[in-house]
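Sequence positions, counted from 1, serve as the residue numbers for this chain.
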Amino acid sequence: MSETVKKPIKITETILRDAHQSLIATRMPTEVMLPILDKLDKVGYHSLECWGGATFDASLRFLKEDPWERLRKIRDGAKNTKLQMLFRGQNILGYRPYADDVVYAFVEKSIANGIDIIRIFDCLNDLRNLQAAVDATNKIKKQEGRGESQIALSYTLGDAYTLEYWADTAKKIEEMGADSICIKDMAGLLVPYKAAELVKTLKENTKLPIQLHTHYTSGVASMTYLKAVEAGVDVIDCAMSPLALGTSQPATEVMVEAFRGTPYDTGYDQNLLAEIADYFRPYREECLANGLLNPKVLGVNIKTLLYQVPGGMLSNMVSQLKEQNAEDKYNEVLEEIPRVRKDCGEPPLVTPSSQIVGTQAVLNVLMGERYKMATGEFKDLLRGKYGQTVKPMNQEVIDKVIPGEERFTSRSADAAGLTNEMDKLESEMKQYKQQDEDVLSYALFPQVATEFFKYREAQQTGVDATKADTANGAYPV
């Protein structure tokens with residue numbers, strides 16, 4: 001790039017969502033976030049990622065907080081910066097597909113409560129599972145003048161995932177009506193020169209802005225950002241240093257300094273960033289002391305590049321093996337994961353496909369026979385209920401696990417036979433409803449939300465309710 005042409009790199013700050021989701025199982029309470037919002041709001045970030053992903057489940061289940069109330073409070077405290085969330089396509093924030101009316105209602109309420117950018121992904125990169133969320137966002141944007149849809153490409157490796165594949169997918173995303181594209185590298189698989197190649201290819205095939213999201217798990221993420229920025233990427237995701245690195249993102253301050261004095265200079269104030277880091281540092285120490293932050297997740301795990309296993313998937317797998325007194329099988333399971341992934345069409349490993357493939361690999365090793373036992377979710381993946389994989393599945397495995405069963409070729413919501421769900425959901429939980437958003441909380445996590453509603457009612461009536469369980473434990477990140 002010519003020294004005379006300036007293109008300041010934009011940064012999305014992840015400390016309010018993905019950073020703590022990746023390092024401390026999404027356990028940061030709202031009360032820790034609120035006092036620092038004013039300073040975060042003054043940095044000049046492209047956006048603050050603060051909601052979605054596993055935050056919704058963790059808020060209700062472990063922190064006994066209303067996630068909608070968290071969003072409203074963050075919106076009140078960050079008036080000048082766009083707020084961003086992560087959205088699992090037709091699965092919204094849950095683990096099953098939902099009917100289009102639920103998707104629309106959730107998008108509508110997310111924007112109404114303060115979200116500006118909705119990053120939408122599908123665990124199979126099946127774009128049909130993303131269309132409803134994009135359409136909902138665009139419709140609301142026309143009505144309210146707010147709301148952007150960003151489609152995330154779940155980045156992975158494999159024979160099918162060529163530059164031509166990514167370029168073709170980017171063209172289709174533009175045709176869908178999305179506002180931007182994110183390369184979502186959840187396992188830290190994207191190495192520096194491949195990143196430059198990919199960004200350049202996407203830029204040549206779409207006019208949409210390109211954002212890059214990666215994790216430090218494999219140790220290359222900062223270098224990957226450097227090459228991606230030089231290749232023309234528009235936005236990168238970073239985390240303030242106290243909750244950066246390891247299975248989180250590269251550190252915000254480090255990337256800001258790396259580009260200082262270059263055409264990509266962010267212009268961010270390092271003194272202000274230092275104040276923000278100083279605020280979060282005691283919280284990091286507290287999390288180390290109480291065991292929420294395990295030093296193991298802070299190192300480099302090069303096995304990520306060998307087995308394509310995201311950090312959260314690794315922690316779940318270790319927990320499953322520990323429960324079965326089979327921690328000695330760890331390496332066998334790691335080697336089994338790529339085989340299971342290949343058998344089911346080489347899907348990217350991201351929620352929920354990562355949990356499905358990881359759990360099946362554990363079962364295959366523990367049983368001593370591959371696919372002697374299969375989970376219901378794995379069977380549904382083979383049936384096509386999650387959507388279509390890029391490569392065909394192993395017919396021998398299909399014949400063994402679901403012999404003679406019908407397989408679906410439609411998008412996930414249609415395969416599940418879903419049409420309208422909102423009225424039914426509302427009638428099921430009407431006794432607990434205090435706000436329209438409660439119906440959506442119930443839709444995503446019926447049992448967890450019901451327990452939260454009971455807790456909330458007890459708090460409101462002065463009854464001594466059960467205290468929030470903030471103990472560390474296996475959690476799908």
Is it the case that over 12 heavy atoms from other parts of the model lie below 6.0 angstrom from the NZ atom of K372?
no
Should R370 and D343 count as an ion pair when the cut-off is N to O under 4.0 Å?
yes
Determine yes or no for a side-chain-to-main-chain donor-acceptor pair under 3.5 angstrom, with E346 supplying the side chain and R341 the backbone.
no
Looking at S218, is its backbone amide N or carbonyl O close enough to the side chain of N301 to form a donor-acceptor pair, meaning the two atoms are under 3.5 Å apart?
no
Neighbour count >12 (heavy atoms, 6.0 Å) for atom CD, E31:
no
Test item: T55 side-chain N/O and G52 main-chain N/O as donor-acceptor pair under 3.5 Å
yes
Would you mind reporting whether T224 and D185 have side-chain heavy atoms less than 4.5 Å apart?
no
R281 to Y283 six-membered ring, cation-pi geometry met (6.0 Å, 45°):
no
Are any non-hydrogen side-chain atoms of R17 and M28 less than 4.5 angstrom apart?
no
Do P263 and K7 have side-chain heavy atoms sitting under 4.5 Å apart?
no
Taking NZ, NE, NH1 and NH2 as the nitrogens, is one of them in D380 or R96 under 4.0 Å from a carboxylate oxygen of the other?
no
In terms of ring plane angle, is the pair W166 and Y155 parallel, tilted or perpendicular, where the classes change at 30° and 60°?
parallel
Heavy-atom neighbours of E327 CD exceed 12 at 6.0 Å
yes
Under 3.5 Å, is there a donor-acceptor pair between the side chain of D116 and the main chain of L83?
yes
For E396, does the CD atom have more than 12 heavy-atom neighbours from other residues, nucleotides or ligands under 6.0 Å away?
no
In this structure, CG of L243 is separated from OG of S22 (nearest 0.5 Å) by 10.0 Å
Please answer whether the main-chain N or O of V32 pairs with a side-chain N or O of Y279 as donor and acceptor at a distance below 3.5 Å.
yes
Approximate separation, where rounding is to 0.5 Å, of D126 CG and T389 OG1
9.0 Å
Heavy-atom side-chain proximity of L444 to I92 below 4.5 angstrom:
yes
Does some side-chain heavy atom of E451 sit less than 4.5 Å from a side-chain heavy atom of V448?
no
Expected output: side-chain T252 to main-chain A239 donor-acceptor under 3.5 Å:
yes
Parallel, tilted or perpendicular: which describes the rings of Y371 and F378, with under 30° parallel and over 60° perpendicular?
parallel
N-O pairing of E49 and K82 below 4.0 Å:
no
Knowing that exactly one of R72, R70, R27 qualifies, which makes a salt bridge (charged side-chain N to carboxylate O under 4.0 Å, His left out) with E65?
R70
Name the orientation class of the two ring planes belonging to F106 and W68 (parallel below 30°, tilted from 30 to 60°, perpendicular beyond 60°).
tilted
Please check this pair: side chain of T14 against backbone of C238, looking for a donor-acceptor N/O pair closer than 3.5 Å.
yes
So with a 6.0 Å cut-off around NZ of K203, is the heavy-atom count from everything else above 12?
yes
Measuring from I117:CD1 to I111:CD1, what's the distance to the nearest 0.5 Å?
11.0 Å
Say whether, by atom type as modelled, one donor and one acceptor occur between the side chain of R75 and the main chain of A78 under 3.5 angstrom.
yes
Would you confirm whether E253, through its side chain, and A274, through its main-chain N or O, come within 3.5 Å as a donor-acceptor pair?
no
Beyond-backbone contact of I173 with T206, side-chain heavy atoms, under 4.5 angstrom:
no
In this structure, SG of C344 is separated from CG of L124 (nearest 0.5 Å) by 8.5 Å
Test salt bridge (charged side-chain N to carboxylate O under 4.0 Å, His left out) on K73 and D76; report intermediate values, then the result.
CA-CA 5 Å; K73 287 178 177 177; D76 287 343; over 6 Å; no
May I have the step-by-step check of salt bridge (charged side-chain N to carboxylate O under 4.0 Å, His left out) for E335 and R339, ending in yes or no?
CA-CA 7 Å; E335 290 166 8; R339 293 194 286 263; 5.1 Å; no
Okay, side chain of Q90, backbone of P97: is any donor-acceptor separation there less than 3.5 Å?
no
Can you check whether Q360 reaches E336 side chain to side chain, under 4.5 Å on heavy atoms?
no
Using the six-membered ring of F121, assess whether NZ or CZ of R88 lies under 6.0 Å from its centre and within 45 degrees of the ring axis.
no
Salt bridge (charged side-chain N to carboxylate O under 4.0 Å, His left out) for D41 and K79? Distances and angles first, verdict last.
CA-CA 7 Å; D41 195 32; K79 297 188 183 301; over 6 Å; no
L127 versus D122: any side-chain heavy-atom pair under 4.5 Å?
no
Can E197 and K200 be counted as an ion pair, charged N to O under 4.0 angstrom?
no
